[in-house]
Amino acid sequence: MNKKILVSGATGTIGSFLVDELRKRNTEFVALVRDDAKAEKLNKNGIQTVIGDLGNKESLLAAMNDVEKVFLLSTTSPQSPELQGNVVKAAQTKGIKHIVKIAARGSAPDADFNIGRWHGITEEEIRESGIPYTFIHAHTFMQNLFFDAGSIEKENAIYSSQGDGKIPMVDARDIAAVAAVVLTEPGHEGKTYVVTGPEAVSYHDIAKELSVLLGREIKYIQQTPEEGHKAMLSSGMPEWLVDDMTLLNKRYASNEAAEVSKDVEKVTGRKAIPLRKFLNDFKNRFK
Ligand SMILES: NC(=O)c1ccc[n+]([C@@H]2O[C@H](COP(=O)([O-])OP(=O)(O)OC[C@H]3O[C@@H](n4cnc5c(N)ncnc54)[C@H](OP(=O)(O)O)[C@@H]3O)[C@@H](O)[C@H]2O)c1
């Protein structure tokens, strides 16, 4: 009987937490990984793997043997619609019964930011495929704060062009927890869950919490959108992503994305993880 779940993105942030959640639930799953070295690492932890790439259609068909449900996640890039489209087409061929896709808050085929539009294109393709689906629209991950570890260490400072605006950042563990429930329990087909943290926080709040956590003052240095754009470009981020982040930060600065969703609690039965707990749990990443 086809019972297995195929987990893509299992080596990434959400995927590695999802794998833990699925193991706790004693669910049969197989992680799609791109090479032997990655497979070996997961195998050592008792995780079954299959080698494949979203760019290789044959590998996807083979990976979906004896698979019933697919967890769809990959790095977002201009190639995402094509790569994730390959998964949808393979899933159609193999008669997959449920696709659970990670997307971003505000995703839609006509979204005005690249990430949202690329996710929206794939979601449209999934809808049109007729395969039952669940979409998980995640807000900004708390784990993105790991990128600030360098300036925290060197300058006791965090930088952003989000002004005084607040957003309900979400711990990726909550996204994984929602995905695990959706993949293993009935009743989630056709739904889109918006996954946020339990409270909207500003960079002032983050700096305050980091100061308490680290026992020294961490300053929040506000950037203009132009300064933020320049800094992100010089850090090596691709231009399309810098443009997206500049647009989103302007929106966040004016509190246009501050709404807290209750979907984590609705789906998992427990409250979403607050910023303070996230920072405490990952204290080592900021030292
Ligand atoms: N960061 C945020 O604040 C945020 C907010 C909302 C939504 N999102 C969405 O979350 C998703 C990213 O989640 P994440 O941060 O957990 O991912 P991640 O840590 O960036 O990991 C990406 C995963 O995708 C795999 N992958 C990439 N290209 C692949 C390919 N061609 N074939 C097979 N596997 C491939 C990677 O495998 P390898 O190990 O082989 O590279 C890795 O496991 C994106 O869709 C993004 O738009 C992010």
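Each ligand, and each atom within it, is numbered from 1 in the order the structure gives.
Linking Ile, Leu, Val, Met, Phe, Trp and Tyr residues whenever their side-chain heavy atoms come within less than 4.5 Å places Phe282 and Met169 in a single cluster.
If you check the side chains of Asp148 and Ser151, you find no donor sitting under 3.5 Å from an acceptor. His119 and Ser80 share no donor-acceptor pair across their side chains, judged by distance under 3.5 Å alone. For the residue pair Asn43 and Thr49, a side-chain donor N or O sits within less than 3.5 Å of a side-chain acceptor on the partner.
Listed by number with element, the atoms of ligand 1 under 4.0 Å from a non-hydrogen atom of Asn144 are 1 (N), 2 (C), 3 (O). The atoms of ligand 1 that sit less than 4.0 Å from any heavy atom of Thr76 are 44 (C), 45 (O), 46 (C), 47 (O). Set against the non-hydrogen atoms of Ala138, the atoms of ligand 1 under 4.0 Å away are 6 (C). Interface of Ile115 with ligand 1, defined as ligand atoms under 4.0 Å from a residue heavy atom, comprises 47 (O). Per-residue contacts place Thr11 under 4.0 angstrom from the following atoms of ligand 1 (heavy atoms of the residue considered): 36 (C), 37 (O), 38 (P), 39 (O), 42 (C), 43 (O). Atoms of ligand 1 lying under 4.0 Å from any heavy atom of Thr75, numbered from 1 in the order shown and given with element: 22 (C), 24 (O), 27 (C), 28 (N). Near Leu54, meaning under 4.0 Å from one of its heavy atoms, ligand 1 places the atoms 30 (C), 31 (N), 32 (N), 33 (C). Using a 4.0 Å cut-off to heavy atoms of Thr140, the atoms of ligand 1 that qualify are 3 (O).
Between Lys250 and Glu256, none of the side-chain N atoms (NZ, or NE/NH1/NH2) sits under 4.0 Å from a carboxylate O, so this pair counts as no salt bridge. Salt bridge annotation for Asp263-Lys191: absent, with no cationic side-chain nitrogen under 4.0 angstrom from a carboxylate oxygen.
From the protein, the heavy atom lying nearest to atom 19 (O) of ligand 1 is Thr13 N, 2.9 Å. Of the protein's non-hydrogen atoms, the one nearest atom 21 (O) of ligand 1 is Gly12 CA, 3.4 Å. What sits closest to atom 31 (N) of ligand 1 on the protein, heavy atoms only, is Asp53 OD1, 3.0 Å. Shortest contact from atom 23 (C) of ligand 1 to any protein heavy atom: Gly9 CA, 3.6 Å. Summary of contacts: the protein heavy atom closest to atom 26 (N) of ligand 1 is Arg34 NH2, 3.9 Å.
The shortest heavy-atom distance from His119 to ligand 1 is under 4.0 Å. Ligand 1 lies less than 4.0 angstrom from a heavy atom belonging to Ala103. Under a 4.0 Å heavy-atom criterion, His139 is in contact with ligand 1. At least one heavy atom of Ser74 sits less than 4.0 Å from an atom of ligand 1.
Applying the side chain to side chain contact (heavy atoms under 4.5 Å, CB included) test between Lys89 and each of Glu125, Lys94, Lys57, Gln84 identifies Glu125 as the sole match.
Atoms OG1 and CD, from Thr75 and Gln79 in turn, are 10.5 Å apart once rounded to the nearest 0.5 Å.
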Between Tyr159 and Tyr220, is the ring-ring contact (aromatic ring centres under 6.0 Å, His included) condition met? List the steps. CA-CA 6 Å; Tyr159 290 79; Tyr220 166 33; 8.9 Å; no
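Between the Asp53 side chain and the Gly55 main chain, a donor and an acceptor come within less than 3.5 Å of each other. One N or O on the side chain of Ser8 and one on the backbone of Leu73 form a donor-acceptor pair closer than 3.5 Å.
More than 12 heavy atoms of other shown residues, nucleotides or ligands fall within 6.0 angstrom of atom CD in Glu189.
For atom 17 (O) of ligand 1, the nearest non-hydrogen atom from the set Ile14, Leu83, Val7, Leu73 belongs to Leu73. The nearest non-hydrogen atom to atom 14 (P) of ligand 1, considering only Phe147, Phe17, Phe141, comes from Phe141.
Looking at Lys38 against ligand 1, only its side chain comes within 4.0 Å, counting heavy atoms.
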